[in-house]
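Just below is one structure, and these are the notes that go with it.
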Amino acid sequence: MEENLKKKKRNNIIITSLGVIASIAIGGIGGYFIAIELSPKGFDYSKLNQNEYEDDVVSIYNNYLSNPLDPLSYSPNDLVNIALYKYSLETYTESDVNASAVSLGVTQKTFGKSIKNNNQFFNESISQSSFVKVAKRFYEDEDTVSIYNGEINNDNEGVSGNYKEKNDYTIDEYIDTWGKDLSRPVIYNISSKTTLDTSFINKTDNGYLVSLDLDPITSVIRYVKQMVQMSSLDTAPQFENVHIEFNLDNELNLVEMNVQESYYVWVVGKNFTEATLNEKFYILEETNIPEFNEKIYY
């Protein structure tokens, strides 16, 4: 860890020095704009309270139970929140993530799994490209979230993680740092305050398709915290577009989520990124949470 911090400091010094040299060499206004372009910046999400951009989901769900309406009569955000909260009440669940992000011609692939077993939760995220490789496991009980940091292993069975270093957080500390705890199925703020008018619900053969266009600032207040921590960013990304489609069955059980989003990240300049994510959700009769050294292959 100390060695990584030193390396990061050396890299920051090198990048800053290059910016200064370029400014001096070009001189005047041109050098000024290069220095601005290379400086970390973006929207300051810290001024926003993530809880203020959410609806009372428990009340929405209880109203649905006491007076269920035709699903097409709900707003898209209310219907999604009914499904999300319904899923969160299940005893045994699993979900699988397959995601991809492209920036400067480099593709970052991410695989993950989340598991709920009664009041215990598990999440693994493995992300790799030719430049960045990250493997993390998260374990949550009633009081603590433990994060295991590791290395990625590629072999004939697939991609997996090897874990050693562990950090512990209280639930509140973890939410403050990472945006949400593991009991919350989705990290986006989905509410009447963040959902755009272009969102809609369609009836399908197997249930309902809910298409959401979200405000690119207020819907990602929690999410950018996770991105900063996962990728060790100095500055939070600035989102341009967030589009999410949820597939629900006829009983409003959560089946699948598909995300298309775009944002800027500041890593040696301002870089445009386009990303997609697919997550499939399963309600099970029972499940087990793996030990920290038990491999999952993707």
Side-chain angles (χ1 to χ4, degrees), residues 1-2 4-5 8 40-59 77 81 84-85 87-89 95 97 99 110 112-116 119-127 132 134-150 163 165-194 214-239 242 244 257 259 261 263-267 275 277 279 289 292:
M1 179 68 73
E2 184 176 351
N4 289 338
L5 289 173
K8 186 175 180 181
K41 55 190 176 298
F43 186 83
D44 185 4
Y45 297 92
S46 66
K47 297 178 180 178
L48 301 178
N49 184 335
Q50 58 198 26
N51 297 316
E52 291 181 358
Y53 293 91
E54 298 190 334
D55 295 329
D56 186 349
V57 176
V58 176
S59 177
N77 44 281
N81 278 317
L84 289 172
Y85 191 73
Y87 180 81
S88 74
L89 296 177
S95 71
V97 164
T110 300
K113 178 181 283 290
S114 294
I115 300 173
K116 177 185 178 183
N119 294 321
Q120 294 183 317
F121 300 86
F122 165 87
N123 173 267
E124 179 173 58
S125 182
I126 292 180
S127 184
V132 178
V134 179
K136 291 183 182 290
R137 275 193 176 185
F138 306 80
Y139 293 83
E140 179 178 331
D141 57 27
E142 294 180 356
D143 303 310
T144 307
V145 178
S146 298
I147 304 177
Y148 288 84
N149 300 302
Y163 299 96
E165 182 184 353
K166 176 187 174 186
N167 296 306
D168 291 328
Y169 295 79
T170 66
I171 302 295
D172 288 341
E173 287 172 343
Y174 182 76
I175 292 173
D176 186 57
T177 305
W178 286 80
K180 79 172 188 71
D181 70 333
L182 275 61
S183 68
R184 182 184 175 111
V186 171
I187 200 163
Y188 298 92
N189 286 60
I190 299 172
S191 72
S192 58
K193 304 174 184 69
T194 66
L214 300 181
D215 183 278
I217 293 176
T218 57
S219 69
V220 298
I221 303 169
R222 296 177 182 273
Y223 185 26
V224 294
K225 292 182 179 181
Q226 182 189 83
M227 297 176 79
V228 166
Q229 294 298 319
M230 186 67 71
S231 301
S232 300
L233 300 175
D234 293 325
T235 301
Q238 182 167 316
F239 276 76
V242 180
I244 308 178
M257 177 178 73
V259 180
E261 57 195 18
Y263 50 87
Y264 288 97
V265 291
W266 281 265
V267 180
L277 178 144
E279 185 167 8
I289 290 178
F292 83 96

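The first residue of the sequence shown is numbered 1, and numbering continues consecutively from there. Please read all numbers here as calculations on a predicted model, not as lab measurements.
For K180, there are no salt bridge (charged side-chain N to carboxylate O under 4.0 Å, His left out) partners, not counting sequence neighbours. In this structure, the ring pair (Phe, Tyr, Trp, His ring centres under 6.0 Å) partners of F122, at least two apart in sequence or on a different chain, are Y139. Taking the ring pair (Phe, Tyr, Trp, His ring centres under 6.0 Å) definition, one finds that F239 meets it with Y223, Y263, sequence neighbours left out. When the salt bridge (charged side-chain N to carboxylate O under 4.0 Å, His left out) test is applied to E124, the partners found at least two apart in sequence or on another chain are R137. Listed by chain and residue number, T194, L214, V242 satisfy the side chain to side chain contact (heavy atoms under 4.5 Å, CB included) test with S219 (two or more places apart in sequence, or in another chain). In this structure K136 satisfies the side-chain hydrogen bond (donor to acceptor under 3.5 Å, both in side chains) test together with N149, sequence neighbours excluded. Remark: V259 engages Y188, I244, M257, E261, L277 in a side chain to side chain contact (heavy atoms under 4.5 Å, CB included) (not counting sequence neighbours). By the salt bridge (charged side-chain N to carboxylate O under 4.0 Å, His left out) test, D168 is found to be paired with K166, residues two or more places apart in sequence or in another chain being considered. With sequence neighbours excluded, the residues forming a side chain to side chain contact (heavy atoms under 4.5 Å, CB included) with S114 are S95, N123, listed by chain and number. Every side chain to side chain contact (heavy atoms under 4.5 Å, CB included) that S46 has, sequence neighbours left out, goes to D44. With sequence neighbours excluded, the residues satisfying salt bridge (charged side-chain N to carboxylate O under 4.0 Å, His left out) with E54 are R184, R222.
Side-chain contact between K225 and T177 is absent, with no heavy-atom pair separated by less than 4.5 Å. Within the 4.5 Å cutoff, the side chain of Y174 has heavy atoms near those of the F138 side chain. Inter-residue side-chain proximity for T218 and K193 is flagged as unmet; no heavy-atom pair is nearer than 4.5 Å. A heavy-atom distance below 4.5 Å is found between the side chains of Y169 and I147. Annotation: side chain of D143 is not in contact with side chain of T170 (no heavy-atom distance under 4.5 Å). The shortest distance between side-chain heavy atoms of M230 and S127 does not fall below 4.5 Å.
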Please lay out, stage by stage, how Q50 and Y45 fare under the test side chain to side chain contact (heavy atoms under 4.5 Å, CB included).
CA-CA 9 Å; Q50 58 198 26; Y45 297 92; over 6 Å; no

Taking it one step at a time, do N167 and S146 satisfy side chain to side chain contact (heavy atoms under 4.5 Å, CB included)?
CA-CA 6 Å; N167 296 306; S146 298; over 6 Å; no

Between Y85 and V58, is a side chain to side chain contact (heavy atoms under 4.5 Å, CB included) present by the stated rule, with each step listed?
CA-CA 8 Å; Y85 191 73; V58 176; 3.7 Å; yes

How far apart are the C-alpha atoms of V224 and F43, what are their side-chain angles, what is the distance that settles it, and do they pass the side chain to side chain contact (heavy atoms under 4.5 Å, CB included) test?
CA-CA 10 Å; V224 294; F43 186 83; over 6 Å; no

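A salt bridge (Lys or Arg N to Asp or Glu O under 4.0 Å) check over residues 169-179, counting only residues at least two apart or in different chains, returns nothing.
In terms of heavy atoms, Y53 sits closest to N189 at O-ND2, 3.7 Å. Counting all heavy atoms, side chain and backbone alike, I171 lies closest to T144 at CD1-N, 3.9 Å. In terms of heavy-atom proximity, P185 sits nearest to L84 at CG-O, 3.8 Å. Residues I187 and W178 share a closest heavy-atom pair of CD1-O, 3.9 Å.
Checking D55 against S192 by side-chain atom types alone, a donor-acceptor pair falls below 3.5 Å.
Of the possible polar contacts, none joining the N81 side chain to the S191 backbone as a donor-acceptor pair under 3.5 Å is found.
Considering CG of D215 and CD1 of I190, their distance stands at 13.0 Å, rounded to 0.5 Å.
Note: Y163 and F292 fail the aromatic proximity criterion, with ring centroids not under 6.0 Å apart.
Within 6.0 Å of atom CG in N49, more than 12 heavy atoms from other residues, nucleotides or ligands are found, so the atom counts as buried in its surroundings.
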